[in-house]
Number of protein chains: 2
Amino acid sequence: MTNIQEIAQRAGVSPSTASRALSGRGYVSEEKKQRVLTAAAELDYAPNLNAVSLKTGSTRRIGLVAPRFTEPLSLFTTGLVHSAEENGYTVTLFMTGLNAAKEVEALEALRRKQVDALVFVMFQSDLSLIADYVKYGPIVCWQRVIHEAIPSVFMNQYDGYMLALEHLYERGYRRICNVYGATQRLNTQSRMEAFADFCRKYDLDPLACPSFENRDTARDGEQIVRWWLENGRPADAFACTNDWVASGIIAEARRLGLRVPEDFAVCGFDNLDFAPLLDLTTIHYPVDEQASNAFAIIRSRIEDIELPTHPPRFRLVERLTT
Amino acid sequence: MTNIQEIAQRAGVSPSTASRALSGRGYVSEEKKQRVLTAAAELDYAPNLNAVSLKTGSTRRIGLVAPRFTEPLSLFTTGLVHSAEENGYTVTLFMTGLNAAKEVEALEALRRKQVDALVFVMFQSDLSLIADYVKYGPIVCWQRVIHEAIPSVFMNQYDGYMLALEHLYERGYRRICNVYGATQRLNTQSRMEAFADFCRKYDLDPLACPSFENRDTARDGEQIVRWWLENGRPADAFACTNDWVASGIIAEARRLGLRVPEDFAVCGFDNLDFAPLLDLTTIHYPVDEQASNAFAIIRSRIEDIELPTHPPRFRLVERLTT
DNA sequence: TTACCGTATGACATCGATTTCAGGTCAACC
DNA sequence: GGTTGACCTGAAATCGATGTCATACGGTAA
């Protein structure tokens, strides 16, 4: 438990001077500085960060608030930690399980100065509730959010989805079945707009093939294949909300002896780790870049630095399922 | 920035009394307690956790030290955060990328009292180096470790691997090809022992079929299929170090028109998320239970509580690849 | 010569809590 | 009546750093 006072004593200086020598801020003669440094080394000194945080008011710690940290959030987590550590910050996790009360706990942690800032990945709470806490520190969302106090690193999924649709069109598919995620998400709505525009552009009938909504899992994908068989094979391609649904479709197709892309094409979204295993064509979603942008925004608010954030881009990854 | 002094002032008591009223420790008359509580509510008081940590010497924060937080570590992370939050602890991440210098940074964070304890998931550093830091707080490893100061939540992979081997034997496979991971890991050595014992038990020739070592990725799996084809199909089953390798084998087999399990069986290890998609038979590795045990150990050291930890078990998950 | 600035240093206040200590009241018990 | 102990309270010390302020020295510009 050696503290800065002991260092000062051993070096024969005041604690103020010891602090200056250790931190490099302010004037210290070279001689005393060396004395302090050697004293610190001899006594195996390490500053108590709680004291530093208390005094300076900054913890150099940011909170990541998410329902869980498994796929696809682990990529975001890893990216955020990476950016944070590069800048001498550390990341503390708050797991909500999409429970609003737990989200408030994370916000309270900000208020209690356990962290300097928060990154919200998905949340239930009212935006106005969250906005009440920005007075305690910057809050950034990875989700499209319309609020002047809360920046977001959202990417317009319109662009990404259009990439998928154009690709399918180019490959000759005309009866595209959309498999959307939760309809209340703005992301889903953007994709629907993309599809509408796509149909207009190529003069296709938007209702030629039914769409699915609120589908998220591999199991959903499997069901869709059976639906497809039982309903006269009404589509020649599936544009999926994510790689899980796409994988479910492919897996079930294989089980039933169908061939992809001959019987139908499948395009995923996210480019998850396992996509190459299934040779899945998908839209790469640069999650790590978004994490690093989220951190950049926070940093710019805390340290008042201007940071040019180059916008991440969706990218088509062509494999063998289209 | 309302602090406890303001509360005390508004309630007409001393800070000591306010602290007692708020924390519930020590004697306070019911009347003053109420006065303090209402004052706190009116002024929207929230304690500064840095001050609390400084004074009490405990942060109720533990550090998770891992090379990254993507699969399969995201499950461990999620599990650890879950257990921690249940007990009023929070988890801070330290990403090492298997870099020893970064591991020291995490250890230093413990020394500097940024966290109360550490969980090491995989590491490079010498055990003795890590052991030097246990004087600053408990350290637990998720890895087999032989050191009296550092408990570990390791599971003997001998048992898990034997489960896989017995299953393959039962299904009639006799020419089993082992695909091992890094040979310097004790886990791998345990598996090799399991295989030796297995051969003895059923009177099989351990060298009947060559083994692979230091294989970890899906790409490695793909190569192994080509090797198998080019070398006269010397195995009828693959027992894999993890699901990634197994997936690579399955994916490549499909591309080459081979059939699983008719041409050869494949058994994975870990039971990752995507295993069901490939209908992969695998050994379920209860990662989340291990995380919760890791936390239990830490808690028992910090709070001096006896916690019965029931040992997690490997489990065979039969699907269609064996 | 005076004024001023850069360098150097230590005393002391400060961040915001907790906790010890000493003192005080009041009832119960011997 | 005196002792004991439970209950209650606030002054002050404490955790371990940082930062302000006053003071001082020496050199340079006016």
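Values reported hereafter were calculated over all heavy atoms of this structure, with side chains retained and with hydrogens, waters and symmetry mates removed. None of these values were measured; they are calculated from a predicted model. Residue numbers start from 1 in every chain, and the chains themselves are labelled A, B, ... in the order their sequence lines are given, proteins ahead of strands.
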**Q.** CD/B/Gln9: more than 12 non-hydrogen atoms of other groups inside 6.0 Å
**A.** no

Residues from [range] lying under 4.0 Å of DNA chain D - heavy atoms:
range                     : result
residues 7-19 of chain A  : A/Ser16, A/Ser19
residues 23-32 of chain B : B/Tyr27, B/Val28, B/Ser29, B/Lys32
residues 36-56 of chain B : B/Leu54, B/Lys55

What does the list of N/O pairs under 3.5 Å between the protein and nucleotides 21-26 of chain C look like, with a distance for each?
none

Integer-rounded Å distance: [N] [atom2] and [X] [atom1]:
X        : N      : atom1 : atom2 : answer
B/Gln114 : D/dA17 : CD    : P     : 15 Å
A/Gln5   : C/dA11 : CD    : P     : 12 Å
B/Lys33  : D/dG10 : NZ    : C1'   : 19 Å
B/Glu6   : C/dT14 : CD    : C1'   : 15 Å

If we ignore hydrogens and angles and just use 3.5 Å, is the side chain of [X] paired with the main-chain N or O of [Y] as donor and acceptor?
X        : Y        : value
A/Asn99  : A/Ala101 : yes
A/Arg35  : A/Val13  : no
B/Asn48  : B/Asn50  : yes
A/Gln157 : A/Ser190 : no

Q. What pairs with A/Thr90 under side chain to side chain contact (heavy atoms under 4.5 Å, CB included), at least two apart in sequence or on another chain?
A. A/Arg61, B/Thr92, B/Phe94, B/Gln114

Q) Judged by modelled atom types alone, do B/Gln34 and B/Glu30 share a side-chain donor-acceptor pair under 3.5 Å? A)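 Side-chain D/A pair, B/Gln34 to B/Glu30: present.
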
Are side-chain heavy atoms of [X] and [Y] found at a separation under 4.5 Å?
X        : Y        : value
B/Phe69  : A/Val81  : yes
B/Asp44  : A/Arg111 : yes
B/Leu22  : B/Pro47  : no
A/Tyr133 : A/Val104 : yes

Q: Taking only Lys NZ, Arg NE, NH1 and NH2, and the carboxylate oxygens of Asp or Glu, determine whether B/Lys102 and A/Glu85 approach each other closer than 4.0 Å.
A: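 Here B/Lys102 pairs with A/Glu85 in a salt bridge, since their nearest N and O are under 4.0 Å apart.
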
Q) Is B/Glu6 salt-bridged to B/Arg10, going by a charged N under 4.0 Å from an acidic O? A)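 No salt bridge links B/Glu6 with B/Arg10.
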
Q: Determine to 10° how strongly the helix from C/dT1-D/dA30 to C/dC30-D/dG1 is bent, judged from the axes of its five-pair ends.
A: 50°

Q | Identified ring-ring contact (aromatic ring centres under 6.0 Å, His included) counterpart of B/Phe76 within the set B/Phe120, B/Phe295, B/Trp142 | A | B/Trp142

Q) Of all heavy-atom pairs between B/Ala291 and B/Gly79, which one has the smallest distance, and what is that distance? A) CB-C, 3.8 Å

